[in-house]
Amino acid sequence: MNFRDVMALAKRRGILQAAYEPYGGVAGFFDYGPVGVRLRRKIIELWRQHFVLGFGALEIDSALIGPESLFKASGHLSEFDDLLVECLECNKLYRADLLVEGGGALDRDGIAVALAGKKCESCGGKFDVPRPFNLMFSTNVGAGRGTPSYLRPETAQGIFQAFPWLLRQNRGKLPLAAAQVGRAFRNEIAPRQGPLRLREFTQLELEHFFLPNDEPELPNPLESIEINLVPAKGKKKSTTVGNALSSGIVDSSLVATHLARTQNFLTSLGVAKDKLRFRQHRANEMAHYSSDCWDGEIYTSLGWVEVVGVAHRGDYDLSAHDSSSSKEFRVPLPGTEKEREVWVPNIGKLGKEFKGKAKSILEAIKNVDIEPDISIKANGKTIVLSEEYLSQKTERGSEMVFPYVVEPSFGLDRILYCLLESSWKRDGEREWISLPQETSPYDLLVAPLMTKDRLDEKAQEILQSALDMGVDAYYDEAGSIGRRYARADEIGIFFSMTIDHQTLEDGTVTLRERDSKNQNRLSIEDALDKVRR
RNA sequence: GCAGGCGUGGUCUAGUGGUAGGACUAGGGCCUUCCAAGCCCUCAGCGCGGGUUCGACUCCCGCCGCCUGCACCA
């Protein structure tokens, strides 16, 4: 099963197709159809079970458009802003900073200067002036010129900027896990390979915050999870998560924890263990915010496809928003509560004595430890503040620190693609999607053997009770029964229930299981009970 | 973005300077007691825009999209 086949099936069976298809399509954008939406929902639900529910994560849904200041702080404005340079002869496009030695350390002008003498590596032609290309879609908020804003390039910033609010919701406690499912946007230069490289995509992200000196340990039940690791240095290794952590292959216990959770989640979706590996980023492929990152990759006909990144982001994001915004993003470090006596200015007396100069005096002693008879410089004069202008008070406080964060970030579209490719089975003429029931788009096909003798009425009746029970059921009465099984198989419906004449007599139906094609005759109640998840 | 190739119903495809056929799928009907049976009928297509021409799906140009390679890819 290759890329072409999967995309043809996806279109034929209502999973996905190019967006704006009647207008020729727009590269990098896709529409999901009825079956595709069901598959996405199932994946998201399973993800929520693994990473949100039963884990106490706080789930949010933040705005898609953000102000420039936010993305200045997050680093996306500068880091997503590649300087590209084009060869005037052969029109090849290069990353300017990669052409210049030490280009990463230079600013834009520096790169332009260093580039002046360089020639195109492939044809020896001259370069055009370098031009910036930002991966973020820009827009303006409001009327007139408006406020420069961007579509978010990752859902994560929505969580980081909301951290003070979320911390309150968590009643000030760490660790705190915050989750978000939503779309993110990147104006890729050349999107290809359909749902694997999109300009608009869906992320499933968890941000797991903790105190630097109190990183959550690897939970016991996860220690024995087996995973395939490809470290940046050293050899590929299959081992348990516990071993990986104790031997130092994985440095952080929380990263190890989320590698294990990720392994559990992906295999429960139906991904085969031997087609799943975690590859550590080398220093030079690390994102600007990340200090350690492991990509979860699934093997497909296109090679290894990255579907998740488990990144240690340190305090990069919170400290960035702390210094760029007016909010406090640090938290008090428990056990460091202290009382101390401090001197504070007596503003009333200062005002009376120094009148208009009082303001500059206060300005001068801001952020300075003061005590009686301190000399300060204000308005070019040296002033000695005696005890009468000061008073003493007791200050209570803690040392403030930035929490660290570990982030597992999943690409829904990529997961869906990999799942389709890997679960598509073929046996002669028969083709079917062999997904576990949890991720199948429907639980049950309800089909009358024929549309006469009121078999269809009976089938409709059973359909309704199945739907009432919360079973995802699909009704089909068109064509031969074999044809309907085939249709159901192709979108991965897990069970098929057939209503025949005997059903009318004794209330039994045949229940067929997709993968084995085995059939059993059961009472309607038993059958529905078996189908219900 | 560059170079090359390609673009015909939902899918796979045939074809011509005089506006298109097939197979599969789908829908309707007949028939049918369990894995795409059969018969009848039906829906639906030359990616978009210009140019040449009496006439363009066909030739030319531009754009869009797809594929391959290069470059890019938190």
Side-chain angles (χ1 to χ4, degrees), chain A residues 3-5 7-14 17-29 33 71 74-76 79-82 84-87 89-96 98-99 120-123 128 131 133 135-136 152-157 184-194 196-199 201 203 281 285-290 293 295 306 309 311 313 407 409 411 427-432 445 447-453 455 478-490 496-503 509-512 514 517-519 521:
Chain A
F3 182 75
R4 212 181 127 99
D5 294 330
M7 295 307 282
L9 168 103
K11 186 166 187 180
R12 186 154 36 101
R13 290 305 181 199
Q17 72 163 358
Y20 311 110
E21 206 262 0
Y23 293 90
V26 183
F29 298 92
F71 298 113
S74 69
H76 287 98
E79 292 298 327
F80 262 34
D81 198 17
D82 292 334
L84 298 182
V85 64
E86 193 175 348
C87 169
E89 301 287 326
C90 66
N91 294 315
K92 266 197 175 178
L93 209 58
Y94 296 91
R95 276 258 306 267
L98 298 180
L99 288 176
C120 174
E121 284 169 6
S122 76
C123 77
D128 196 356
R131 297 172 205 282
F133 175 80
L135 243 26
M136 287 193 292
R152 63 184 183 190
E154 58 172 8
T155 55
Q157 294 309 323
F185 306 83
R186 287 178 202 178
N187 198 1
E188 297 285 351
I189 298 172
R192 248 185 232 180
Q193 297 180 319
L196 300 184
R197 187 95 176 275
L198 293 170
R199 289 185 164 130
F201 54 99
Q203 291 187 306
H281 279 202
E285 59 178 328
M286 216 95 77
H288 63 274
Y289 49 72
S290 173
C293 183
D295 279 348
E306 175 201 338
R313 294 177 75 135
E407 165 201 88
S409 169
D427 180 13
E429 288 282 283
R430 186 164 113 92
E431 287 179 15
W432 74 105
L445 166 73
L449 193 56
M450 292 176 297
T451 54
K452 62 178 192 183
D453 302 331
L455 290 179
S480 72
I481 191 67
R483 189 180 210 81
R484 282 174 276 163
Y485 288 153
R487 270 198 291 254
D489 284 345
E490 211 173 19
S496 296
M497 179 189 286
T498 308
I499 288 82
D500 58 16
H501 286 96
Q502 197 182 329
T503 310
V509 294
T510 55
L511 192 66
R512 167 188 183 269
R514 180 196 60 209
K517 299 198 289 181
N518 287 340
Q519 296 192 7
R521 187 161 273 278

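Values reported hereafter were calculated over all heavy atoms of this structure, with side chains retained and with hydrogens, waters and symmetry mates removed. Convention: sequence-line order gives letters A, B, ...; per-chain numbering from 1.
- For Gln193(A) and A71(B), the CD to P distance is 14 Å, given to the nearest whole Å.
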If you write RNA chain B from 5' to 3' in dot-bracket form, with Watson-Crick or G-U pairs under 3.5 Å, [ ] for crossing pairs and | for pairs with another strand, what do you get? (((((((..((((....[..)))).(((((.......)))))....(((((..]....))))))))))))....
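- A gap of 26 Å separates the P atoms of G62(B) and A71(B), to the nearest Å.
- Summarising the local packing, CZ of Arg4(A) is surrounded by 12 or fewer heavy atoms from other residues, nucleotides or ligands at distances under 6.0 Å.
- Using atom P as the reference point in both C54(B) and C46(B), the two lie 26 Å apart (nearest Å).
- For the pair Lys452(A) NZ and U33(B) P, the computed distance is 6 Å after rounding to whole Å.
- A straight line from CG of Asn187(A) to C1' of G1(B) spans 12 Å, rounded to a whole angstrom.
- Under the 4.5 Å side-chain criterion, counting only non-hydrogen atoms from C-beta, His76(A) is in contact with Glu154(A).
- Along RNA chain B, the nucleotide closest to Pro191(A) and the one closest to Thr451(A) are compared, and the more 5′ of them pairs with Thr451(A).
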Between Arg192(A) and Arg197(A), is a side-chain contact (heavy atoms from CB on, under 4.5 Å) present by the stated rule, with each step listed? CA-CA 6 Å; Arg192(A) 248 185 232 180; Arg197(A) 187 95 176 275; 5.5 Å; no
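- Proximity of a side-chain donor or acceptor of Asp500(A) to a complementary backbone N or O of Gln502(A) within less than 3.5 Å is detected.
- When rounded to the nearest whole Å, the span between CE of Met450(A) and C1' of C30(B) equals 14 Å.
- Atom name P, nucleotides G45(B) and G5(B): the rounded distance is 30 Å, in whole Å.
- Note that CE of Met136(A) and CZ of Arg152(A) are 13.5 Å apart. Values are rounded to the nearest 0.5 Å.
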I'd like a list of close polar pairs between nucleotides 34-41 of chain B and the protein, N/O only, cut-off under 3.5 Å.
from, atom 1, to, atom 2, distance (Å)
C34(B), O2, Tyr485(A), OH, 2.5
C34(B), O2, Gln519(A), OE1, 3.3
C34(B), O2, Gln519(A), NE2, 2.8
C34(B), N3, Thr510(A), OG1, 2.9
C34(B), N4, Asp500(A), OD2, 3.1
C34(B), N4, Thr510(A), OG1, 2.8
C35(B), O2, Arg512(A), NH2, 3.2
C35(B), N3, Arg512(A), NE, 2.7
C35(B), N3, Arg512(A), NH2, 3.4
C35(B), N4, Arg512(A), NE, 3.3
C35(B), N4, Lys517(A), O, 2.7
C35(B), N4, Gln519(A), NE2, 2.9
A36(B), O4', Arg483(A), N, 3.4
A36(B), O3', Arg483(A), NH1, 3.1
A37(B), OP1, Arg483(A), NH1, 3.0
A37(B), OP2, Ser480(A), OG, 2.3

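- Evaluation of atom-type donor-acceptor distances gives no pair under 3.5 Å for the side chain of Arg192(A) against the base of C72(B).
- Between C43(B) and G28(B), the distance separating the two C1' atoms is 10 Å to the nearest Å.
- At the heavy-atom level, Ala27(A) lies under 4.0 Å from the strands shown only through sugar-phosphate atoms.
- For G9(B) and G47(B), the C1' atoms lie 14 Å apart once the distance is rounded to whole Å.
- Side-chain contact between Cys293(A) and Glu407(A) is absent, with no heavy atoms from C-beta onward closer than 4.5 Å.
- The nearest whole Å value for the distance from the CE atom in Met7(A) to the C1' atom in G65(B) is 13 Å.
- Only the C1' atoms considered, G27(B) is 37 Å distant from G55(B), to the nearest whole Å.
- Nucleotides C41(B) and A23(B) have their P atoms positioned 12 Å apart, rounded to a whole Å.
- The residue among Gly194(A) and Lys11(A) whose nearest nucleotide of RNA chain B lies closer to the 5′ end is Lys11(A).
- Rounding to the nearest 0.5 Å places CG of Leu511(A) at 8.5 Å from OG1 of Thr498(A).
- Using a distance-only test at 3.5 Å, with no hydrogens or angles considered, no donor-acceptor pair links the side chain of Arg199(A) to the main chain of Asn187(A).
- Of the candidate nucleotides U32(B), U68(B), G28(B), G28(B) has the atom nearest to the side chain of Ala478(A).
- Within a 6.0 Å sphere centred on CZ of Phe29(A), other residues, nucleotides and ligands contribute more than 12 heavy atoms.
- Here the side chains of Arg514(A) and Leu445(A) are not in contact, with every heavy-atom distance at 4.5 Å or above.
- Between the CD atom of Glu21(A) and the P atom of G10(B) there is a distance of 7 Å, given to the nearest Å.
- Nucleic acid contact class of Phe3(A) (heavy atoms, under 4.0 Å, all strands): sugar-phosphate only.
- Distance Ile189(A) CD1 to G1(B) P: 10 Å, rounded to the nearest Å.
- In this structure, Leu455(A) and His501(A) have side chains that are in contact, with non-hydrogen atoms separated by less than 4.5 Å.
- The separation of A14(B) from U52(B), taken at their P atoms, amounts to 32 Å, rounded to a whole angstrom.
- Straight-line distance from the OH atom of Tyr23(A) to the C1' atom of G47(B): 13 Å, rounded to whole Å.
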